[in-house]
Engineer: 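Sharing a structure here in structure tokens format.
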There are 2 protein chains.
Amino acid sequence: MSSAAPEFADELPDDPLFVQALGRAMRVMEAFQKAERPLSLAEIAAATGITRSAAQRIVHTLRKLGYLRMAPDGRGFLPDLAVLNLTYDYLRLNPLIRRASAPLLELRRTVRERVDLSLFDGQRMVYASRLQSKREMFFATLVGHSVPTYCTSGGWAVMAMLPDDEVDQLLAAADMRALTPRTLTDPDAIRAQIALVRQNGHALAFEQILMGEIALGVAIADPAGRPVAAIHVAASLAEWEPEEFRRRIAPLAAEAALAISR
Amino acid sequence: MSSAAPEFADELPDDPLFVQALGRAMRVMEAFQKAERPLSLAEIAAATGITRSAAQRIVHTLRKLGYLRMAPDGRGFLPDLAVLNLTYDYLRLNPLIRRASAPLLELRRTVRERVDLSLFDGQRMVYASRLQSKREMFFATLVGHSVPTYCTSGGWAVMAMLPDDEVDQLLAAADMRALTPRTLTDPDAIRAQIALVRQNGHALAFEQILMGEIALGVAIADPAGRPVAAIHVAASLAEWEPEEFRRRIAPLAAEAALAISR
DNA sequence: CATACTGTATTGCACTCCGATACAGGTGCA
DNA sequence: TGCACCTGTATCGGAGTGCAATACAGTATG
């Protein structure tokens with residue numbers, strides 16, 4: 001980090017339309033992504049590369065607007081309720097999610113296992129909708145939760161629809177770490193999975209995120225043919241024989257994905 | 001609307017810390033709350049009371065940051081994925097929701113009906129977590145969805161913990177409309193429900209939001225004793241005799257609420 | 001074919017945001 | 001006890017940034 005390059009670019013060079021104050025403010029909100037507890041002004045300033053003064057003004061403003069609030073003990077700040085209003089508008093207005101509504105419920109009804117819709121965001125797949133089944137962990141069920149693209153059934157399904165050079169780029173840039181003993185972190189092993197998806201039309205992932213879990217993923221493309229999301233169906237290996245799971249679930253998931261893609 | 005008062009206050013008079021550009025930007029994001037489809041620059045400008053130029057710059061910036069995107073057909077703008085990252089941080093870092101995790105799952109497991117956690121936001125109760133049961137409507141299950149405080153079991157439970165004058169204020173300011181034929185819109189009828197809550201410790205709502213639905217709500221207070229949220233358990237009148245529902249569910253919901261309040 | 005709407009680009013001026021600095025209150029280490 | 005350092009809060013002059021007006025290209029809609 002001894003480079004002279006600025007760690008934080010307030011704007012791209014010569015972008016006269018970019019509103020600096022807004023860019024900084026969103027960096028403040030995003031600072032909480034790496035936080036595990038309330039952030040003080042000094043911490044916010046450090047994390048975003050702005051001065052404490054600027055952080056003060058931005059936090060003050062975001063607080064008045066309901067996007068941040070002071071932590072219960074008066075030390076540090078946290079995201080606040082107004083954030084959820086944005087969430088709802090995003091989900092409600094997103095055309096893909098609107099179209100996904102009926103097929104996902106139908107799928108959930110027939111398979112009776114957990115059904116998720118996740119959105120492709122480069123290195124991550126972000127959950128936009130979750131229809132639980134039985135046992136659940138809580139935070140894993142939160143909207144906005146994301147999992148790595150390289151080690152999920154949905155991520156493999158999405159990558160299978162990308163040209164090879166983009167897949168290579170993605171895998172090269174991935175910060176791979178094994179989440180379970182069985183998580184694939186070898187790029188070639190992942191490429192092999194992608195090849196399988198291109199044959200089968202779906203991905204099957206064994207214990208990549210959680211031990212005991214099997215997941216089947218199918219990608220959803222936009223009208224131009226680019227993958228933008230994926231459906232997952234996740235279940236317990238204690239209850240399913242893998243080939244049976246694939247045979248039963250794959251056609252239903254594929255049908256749902258097709259209905260959403262349109 | 002012939003008054004000379006400005007319809008949009010960029011800042012409170014003499015608040016030297018308030019960042020105008022940021023206030024405007026958040027107004028732009030919030031403009032989508034009343035939208036049913038993508039908004040054009042002109043519409044955003046009109047909805048927020050800023051000029052088209054300012055809207056252009058703000059939209060441009062929010063777009064570069066991933067909070068807005070152009071609609072699929074190139075006409076108008078929509079909230080974009082980055083919003084969900086904020087969502088997750090809010091849910092993940094919120095102390096109340098952290099504490100609620102285990103009790104809610106436990107409650108869901110025992111009652112086997114829909115269990116929600118909603119946050120008190122004045123006139124609205126905003127859903128922060130939803131654990132579905134069987135049949136569901138989709139949009140109703142989205143995080144960030146909100147329902148009026150005055151006609152939900154959770155809202156009644158929350159109001160029961162407020163002093164009477166605050167209840168009166170809330171009801172006076174409420175824009176009451178019946179969502180079903182049975183929705184209570186008479187302030188006195190609602191006050192009667194609140195009185196019941198103060199006796200029973202929970203609220204029971206019949207078909208206030210949706211015909212055929214019964215809901216039981218219990219409030220959650222902060223350490224200072226102010227209500228901040230509510231647990232709902234919702235079920236079908238086709239499957240439950242109301243008194244049986246109350247008898248079975250109320251103690252369990254109350255226990256969960258207590259565990260969360262701490 | 002004209003009109004009105006899209007989104008995009010440019011420019012000079014003034015006001016707004018900038019960052020340094022100071023302050024009050026609490027915590028913790030010596 | 002007291003000093004050092006952390007909280008969040010408040011003030012202020014200067015300069016840089018966001019402001020609004022205006023122009024432009026492309027596309028529906030009448």
Side-chain angles (χ1 to χ4, degrees), chain A residues 6-29 31-32 35 37-65 67-80, chain B residues 6-29 31-32 35 37-65 67-80:
Chain A
E7 188 175 355
F8 300 95
D10 260 359
E11 68 251 48
L12 315 179
D14 294 341
D15 183 345
L17 283 179
F18 195 92
V19 180
Q20 184 196 57
L22 177 50
R24 292 175 164 192
M26 299 325 282
R27 282 223 305 281
V28 168
M29 291 304 295
F32 291 93
R37 48 181 184 72
L39 294 181
S40 72
L41 284 176
E43 287 170 327
I44 290 172
T48 54
I50 64 184
T51 65
R52 221 173 69 107
S53 291
Q56 178 191 5
R57 266 176 284 119
I58 289 168
V59 166
H60 170 85
T61 307
L62 288 171
R63 212 135 71 97
K64 287 230 163 175
L65 299 173
Y67 292 92
L68 288 181
R69 63 174 240 245
M70 189 166 272
D73 65 353
R75 332 193 91 247
F77 303 93
L78 288 172
D80 200 1
Chain B
E7 187 174 357
F8 301 95
D10 260 359
E11 69 250 47
L12 314 181
D14 293 341
D15 183 346
L17 282 179
F18 195 92
V19 179
Q20 184 194 59
L22 177 50
R24 291 176 165 193
M26 299 325 282
R27 282 222 304 281
V28 168
M29 291 303 295
F32 292 93
R37 49 185 182 72
L39 294 180
S40 72
L41 283 176
E43 288 169 326
I44 290 171
T48 54
I50 63 184
T51 65
R52 224 173 66 107
S53 290
Q56 178 190 6
R57 267 175 290 116
I58 289 167
V59 166
H60 171 86
T61 306
L62 288 171
R63 213 136 70 97
K64 288 229 163 175
L65 299 173
Y67 293 91
L68 288 180
R69 62 172 241 243
M70 187 167 273
D73 66 353
R75 332 195 90 248
F77 303 93
L78 287 172
D80 200 3

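Numbered from 1 within each chain, the chains take letters A, B, ... in sequence-line order.
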Engineer: Contacts to DNA chain D from residues 67-74 of chain A, heavy-atom cutoff under 4.0 Å, which residues?
Structural biologist: A:M70, A:G74
Engineer: In whole angstrom, give the distance that lies between atom CG of B:L41 and atom P of C:dT6.
Structural biologist: 8 Å
Engineer: Kindly compute the distance separating CG (B:L22) from CG (A:L62), expressed to the nearest 0.5 Å.
Structural biologist: 4.5 Å
Engineer: What closest approach, in Å, do A:R24 and A:I58 show between heavy atoms, and which atom pair accounts for it?
Structural biologist: CB-CD1, 3.7 Å
Engineer: Name the pairs: protein N/O against N/O of nucleotides 17-24 of chain C, kept only if under 3.5 Å.
Structural biologist:
from: C:dC17; atom 1: OP1; to: B:Q20; atom 2: N; distance (Å): 2.9
from: C:dC17; atom 1: OP1; to: B:A21; atom 2: N; distance (Å): 2.7
from: C:dC17; atom 1: OP2; to: B:Q20; atom 2: N; distance (Å): 3.1
from: C:dC18; atom 1: OP1; to: A:Q20; atom 2: OE1; distance (Å): 3.3
from: C:dC18; atom 1: OP1; to: A:R24; atom 2: NH1; distance (Å): 3.1
from: C:dC18; atom 1: OP2; to: A:R57; atom 2: NH1; distance (Å): 2.6
from: C:dG19; atom 1: OP1; to: A:R24; atom 2: NH2; distance (Å): 3.4
from: C:dG19; atom 1: OP2; to: A:R24; atom 2: NH1; distance (Å): 3.1
from: C:dG19; atom 1: OP2; to: A:T51; atom 2: OG1; distance (Å): 3.4
from: C:dG19; atom 1: N7; to: A:R57; atom 2: NH2; distance (Å): 2.8
from: C:dA20; atom 1: N7; to: A:S53; atom 2: OG; distance (Å): 2.8
from: C:dA20; atom 1: N6; to: A:S53; atom 2: OG; distance (Å): 3.1

Engineer: Give the rounded distance in Å between these two atoms: NZ of B:K64 and C1' of C:dT8.
Structural biologist: 13 Å
Engineer: Take B:S40 and B:H60, find for each the nucleotide of DNA chain C with the closest heavy atom, and name the residue whose nucleotide sits nearer the 5' end.
Structural biologist: B:S40
Engineer: When the distance from CG of A:L17 to P of D:dT17 is rounded to whole Å, what number comes out?
Structural biologist: 15 Å
Engineer: For a quick test of reading the model, state the closest non-hydrogen atom pair linking B:A31 to B:L39 and the distance between them.
Structural biologist: O-CD1, 3.9 Å
Engineer: Indicate the atoms forming the closest heavy-atom contact of A:K64 with B:F18, along with that distance.
Structural biologist: CB-CE1, 4.2 Å
Engineer: Please report the shortest heavy-atom distance between A:P79 and A:F32, naming the atom on each side.
Structural biologist: CD-CD2, 3.8 Å
Engineer: Mark yes or no for whether A:R69, through its side chain, and A:D80, through its backbone, hold a donor-acceptor pair below 3.5 Å.
Structural biologist: no
Engineer: OP1 or OP2 of C:dT8 versus the side-chain N and O atoms of B:R63: is any pair under 4.0 Å?
Structural biologist: yes
Engineer: Could you report the tightest heavy-atom contact between B:T61 and A:V19, atom names first, then the distance?
Structural biologist: OG1-N, 2.8 Å
Engineer: Between B:F77 and A:R75, which is nearer to the 5' end of DNA chain C once each is assigned its nearest nucleotide?
Structural biologist: B:F77
Engineer: So which heavy atom on A:L65 is nearest to which on B:M26, and how close?
Structural biologist: CD1-CG, 3.7 Å
